[in-house]
Amino acid sequence: MSLILVIEDEEQIRLNISEILLLADFSVVSAADGSEGLHLARVKSPDLILCDIMLPGMDGFQVLKKLRNYPNTANIPLIFITAKAEREDLRQGMNLGADDYITKPFEPGEILQAVKARLKRQALSTQQHLDSHHKIEQLQQEIKENDTNLQVSRQLSDIRGNLLEKLSQELRDPLSNINIALHMLGHSQTEEKRQQYLGIIQEEYAREVKILNEVDDLRELLTAENTKLLQQFNLLDS
């Protein structure tokens, strides 16, 4: 059961949002101001945060900035709740790392749709990262196991070639997603859609960087012969 943190200073709105989420089988914790919300985020590690922009003391932008600077909360999705008069501030929120926004007044369905969509997207992104990391670890382990016995064998190039093909596919997947998102971005008619596809591009870019960073670990395990193979697949600079 996903845990949602609601940060809203207006009590009735906070209670209404909490009730909507509870009826949809979410767990809920709530805070009446930014400082309390930031504390709960660090202690409870919610799966998603719904945060008003206009809060007493620490506003929503400050909350978001602090969340993104704290390792344990940096990746928690955050959806802003905003009044129509605050639309000009939305870009600032997106630049700070907000994932979406809901405009007051809102319907219960809007809350649930936004929350479920963001959680689904987060789960997919997390799983893709875990799968990529696991596959990289498998590749590293296979290289270590085979390096001792096959270092001078002609089979070495075939085995490493298979590993490189797997790695090459892992590198191409984010690029394919970025390419699709760029295409959709060019056909987007609304700012909301453009922000959505920009978010996808940013996530896939980060995923690509993580995979590339882990390639550095593989370099230490490869012989000169295997380095040539990587260059052949355009995975290393010539």
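Residue pairs meeting the salt bridge (Lys or Arg N to Asp or Glu O under 4.0 Å) criterion with at least one partner in residues 1-14, sequence neighbours excluded, are Glu8-Lys104.
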Task: side-chain contact (heavy atoms from CB on, under 4.5 Å) evaluation trace for Leu21 with Leu112 - done: CA-CA 7 Å; Leu21 295 170; Leu112 294 177; 4.2 Å; yes
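Within the 4.5 Å cutoff, side-chain heavy atoms of Phe106 are placed close to those of Ile81. Using a 4.5 Å heavy-atom threshold, the side chains of Leu50 and Ile102 count as touching.
Here the shortest heavy-atom pairing between Glu110 and Pro105 reads OE2-O, 4.4 Å. Taking every heavy atom of both residues into account, Leu67 and Thr73 meet most closely at O-OG1, 2.7 Å. Of all non-hydrogen atoms in Ser2 and Asp47, the two that sit nearest each other are CA-OD2, 3.3 Å. Shown here for Ile4 and Val115, the closest heavy-atom pair between the two residues is CD1-CG1, 4.0 Å. The heavy-atom pair separating Ile76 from Asn72 by the smallest distance is CD1-O, 4.3 Å.
In terms of modelled atom types and a separation under 3.5 Å, the side chain of Gln62 and the main chain of Asp59 share a donor-acceptor contact.
Residues Val6 and Leu22 fall within the same hydrophobic cluster, defined by Ile, Leu, Val, Met, Phe, Trp and Tyr side chains chained together at heavy-atom separations under 4.5 Å.
Among residues two or more places apart in sequence or in another chain, the side-chain hydrogen bond (donor to acceptor under 3.5 Å, both in side chains) test is passed with Gln12 by Asn16.
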For residues 26-45, tabulate all N or O donor-acceptor pairs below 3.5 Å that involve a side-chain atom, not counting sequence neighbours.
residue : atom : partner : partner atom : Å
Asp33   : OD1  : Ser35   : N            : 3.2
Asp33   : OD1  : Glu36   : N            : 2.8
Glu36   : OE1  : Ala32   : N            : 3.2

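To the nearest 0.5 Å, atom CZ of residue Arg121 and atom CG of residue Leu48 are 12.0 Å apart.
Of the listed residues (Thr82, Leu78, Ile53), just one forms a side-chain contact (heavy atoms from CB on, under 4.5 Å) with Tyr101, and that residue is Thr82.
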